[in-house]
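Because only heavy atoms are used, hydrogens play no part in the values below, and waters and symmetry mates are left out as well, while side chains stay in.
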Amino acid sequence: MFPGLRRNKKQAQKPSPGVPEEPQFGVSSEGEQVPEAASAAELAALEQSLPAAIDTSKPLLTVTGVERSFPVGGQQLHVLKGIDMSLYPLQLVMLKGRSGSGKTTLLNLIGGLDQPNRGEIRFKEHLFHQCGDDERTYIRRKEIGFIFQSFALMPLLSAWENVELSLRMAGVPRAQWKPRVTHCLELVGLVRRMHHRPFELSGGEQQRVAIAKAIAHKPSLLLADEPTAELDSQMGAQVMNVFRDIIRTERMTICMTTHDPTIMEVADRVFEMVDGKFINA
Ligand SMILES: Nc1ncnc2c1ncn2[C@@H]1O[C@H](COP(=O)(O)OP(=O)(O)OP(=O)(O)O)[C@@H](O)[C@H]1O
């Protein structure tokens, strides 16, 4: 459905340690590309390279009875009116809904950027609704990645430096920066643009740098607010391909908002929000 991202030569020859390789493709008698069967040794190596097994039956994040209102003009504006949802490991989850329905407000709560007036948000063993600002900031830096519609890159830094910055912010030891930045830029297909600054990149390339930056510190949850809204359909499709690769190789859960029905086709789960409530939860 979506055009595949072309992997560059370096990626094809040198998979990064700990990351399973893409399947190799051969040609069938009908001329179609088909995966070649992996040898027993390759399968064993692949198994060894996979991160520790993740229990996909246990939610990564649980939202229970969450309400959020804001004081506006002396009155309370009730934006979220009782949200229940669970995000499971390795899922691609999408939030859809009309403008103003409350999607970004919910994403901010899930990401620990804001707190609910009522209800509970449990992320792994952390109770976000009870944590103070400092604790939530610490958890965010270690465990959560954010991608915004407007890319949010540092304009004077190169692609490489932008990705490196997030490792520095997360307190990752300096010795790990080079291999991790290289790996993340390879994953989004941008190694050859590593020295470019944001204004020297296309919109789709900037968004892919933003993705590399958001996943560099290996979060278990990646949140994206309309990550394809500024992109044409082909670039949007590339971003979704990258998201699928990230879930498979980096073992993350992705939760994103979108208005685009084509994009929603690749979701594992779609929650539809109407006026601060889910109608299909
Ligand atoms: N800090 C705030 N103070 C007051 N009102 C707010 C605040 N944050 C959000 N709102 C209001 O909450 C409602 C929902 O906003 P939100 O940004 O969550 O919607 P959305 O579904 O993400 O919309 P869009 O698709 O346009 O981004 C809006 O009416 C908005 O004005």
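- Two residues are said to be in side-chain contact when any heavy atoms from C-beta on lie closer than 4.5 Å; V242 and R208 meet this criterion.
- Considering only heavy atoms from C-beta on, M273 stays 4.5 Å or farther from I279 through its side chain.
- G145 approaches P219 most closely through the heavy-atom pair N-CB, 3.5 Å.
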(Q) Set out, in order, the CA-CA distance, both residues' side-chain angles and the distance that settles side chain to side chain contact (heavy atoms under 4.5 Å, CB included) for L223 and F148, then state yes or no. (A) CA-CA 9 Å; L223 301 174; F148 302 97; over 6 Å; no
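- Residue pairs meeting the salt bridge (Lys or Arg N to Asp or Glu O under 4.0 Å) criterion with at least one member in residues 67-83, sequence neighbours excluded, are R68-D114, K81-D275.
- In this structure, R197 CZ and Q206 CD are separated by 12.5 Å, a value rounded to the nearest 0.5 Å.
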**Q.** side chain to side chain contact (heavy atoms under 4.5 Å, CB included) between I110 and L221, worked out
**A.** CA-CA 10 Å; I110 292 174; L221 177 61; 3.9 Å; yes
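- Applying the ring-ring contact (aromatic ring centres under 6.0 Å, His included) test to residues at least two apart or on different chains, the pairs with a partner in residues 119-138 are F123-F128.
- Note that CG of L156 is 9.5 Å distant from CD of E161, once rounded to the nearest 0.5 Å.
- Hydrophobic cluster of M169: the remaining members, joined at side-chain heavy-atom separations below 4.5 Å, are M154, L157, L165, listed by chain and number.
- Minimum heavy-atom separation, D84 to F278: O-CD1, 3.7 Å.
- For the salt bridge (Lys or Arg N to Asp or Glu O under 4.0 Å) condition, the pairs that include at least one residue of residues 136-145, sequence neighbours left out, are K124-E143, D133-R136.
- In terms of hydrophobic clustering, with Ile, Leu, Val, Met, Phe, Trp and Tyr side chains grouped at heavy-atom distances under 4.5 Å, Y88 and M264 are assigned to different clusters.
- Hydrophobic clustering (ILVMFWY, side-chain heavy atoms < 4.5 Å, transitive): L109 and L127 are in distinct clusters.
- Of all heavy-atom pairs between G204 and L231, the closest is N-CD2, 3.6 Å.
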Q | Derivation and outcome, side chain to side chain contact (heavy atoms under 4.5 Å, CB included), residues Q207 and I147 | A | CA-CA 8 Å; Q207 191 55 300; I147 298 168; 3.4 Å; yes
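- Within the structure, the salt bridge (Lys or Arg N to Asp or Glu O under 4.0 Å) test picks out the following pairs touching residues 90-109 (sequence neighbours left out): K96-E272.
- Note that CZ of R174 is 11.0 Å distant from CG of L167, once rounded to the nearest 0.5 Å.
- Heavy atoms only, all atoms of each residue included: T62 and S86 are closest at CG2-OG, 3.7 Å.
- Among all heavy-atom pairs drawn from K213 and L153, the shortest one is CD-CD2, 4.1 Å.
- For R193, the salt bridge (charged side-chain N to carboxylate O under 4.0 Å, His left out) test picks out E205, with sequence neighbours left out.
- The side chain to side chain contact (heavy atoms under 4.5 Å, CB included) with F146 is formed by just one residue from the set L113, L107, L222; it is L113.
- Cluster annotation: M256 and I247 are assigned to the same hydrophobic cluster (Ile/Leu/Val/Met/Phe/Trp/Tyr, side-chain heavy-atom contacts under 4.5 Å, transitive).
- By the 4.5 Å heavy-atom criterion applied to side chains, V66 and P116 are counted as neighbours.
- The side chain to side chain donor-acceptor pair (under 3.5 Å) test applied to S57 returns D55, not counting sequence neighbours.
- Evaluation of the salt bridge (Lys or Arg N to Asp or Glu O under 4.0 Å) test over residues 176-185, restricted to residues two or more places apart or in two chains, returns R180-E250.
- You'll find the side chain of C184 stays beyond 4.5 Å of the side chain of L190, heavy atoms only.
- Distance check, rounded to the nearest 0.5 Å: CG of L95 to CZ of F271 gives 7.5 Å.
- Both M235 and I211 belong to a single network of hydrophobic side chains, linked directly or stepwise wherever heavy atoms of I, L, V, M, F, W or Y lie under 4.5 Å apart.
- The distance from atom OG1 of T253 to atom CD1 of I246, rounded to the nearest 0.5 Å, is 12.0 Å.
- Scanning for ring-ring contact (aromatic ring centres under 6.0 Å, His included) contacts around F243 gives an empty result, with sequence neighbours left out.
- For Q76, the side chain to side chain contact (heavy atoms under 4.5 Å, CB included) test picks out S69, P71, H78, with sequence neighbours left out.
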Q) Between D260 and T258, is a side chain to side chain donor-acceptor pair (under 3.5 Å) present by the stated rule, with each step listed? A) CA-CA 6 Å; D260 184 341; T258 185; 5.4 Å; no
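- Nearest heavy atom pair, residue L185 against residue A212, reads CD2-CB, 4.2 Å.
- Annotation: the span from Q238 atom CD to S233 atom OG amounts to 10.5 Å, rounded to 0.5 Å.
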Q.
For a side chain to side chain contact (heavy atoms under 4.5 Å, CB included) check, start with the C-alpha distance between M194 and T182, then their side-chain angles and the critical distance, and finish with the verdict.
A. CA-CA 9 Å; M194 68 168 86; T182 307; over 6 Å; no
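- Sorted by first and then second residue, the ring-ring contact (aromatic ring centres under 6.0 Å, His included) pairs with a member in residues 187-238 form an empty list; sequence neighbours excluded.
- Using a cutoff of 4.0 Å between basic side-chain nitrogens and carboxylate oxygens, D268 and R244 are scored as salt-bridged.
- In summary, the side chains of T104 and D225 do present a donor paired with an acceptor at a separation below 3.5 Å, with no hydrogens or angles considered.
- In terms of the salt bridge (charged side-chain N to carboxylate O under 4.0 Å, His left out) criterion, R118 has no residue partners (sequence neighbours excluded).
- Linking ILVMFWY residues whenever their side-chain heavy atoms come closer than 4.5 Å, directly or via other members, places L187 and W177 in the same cluster.
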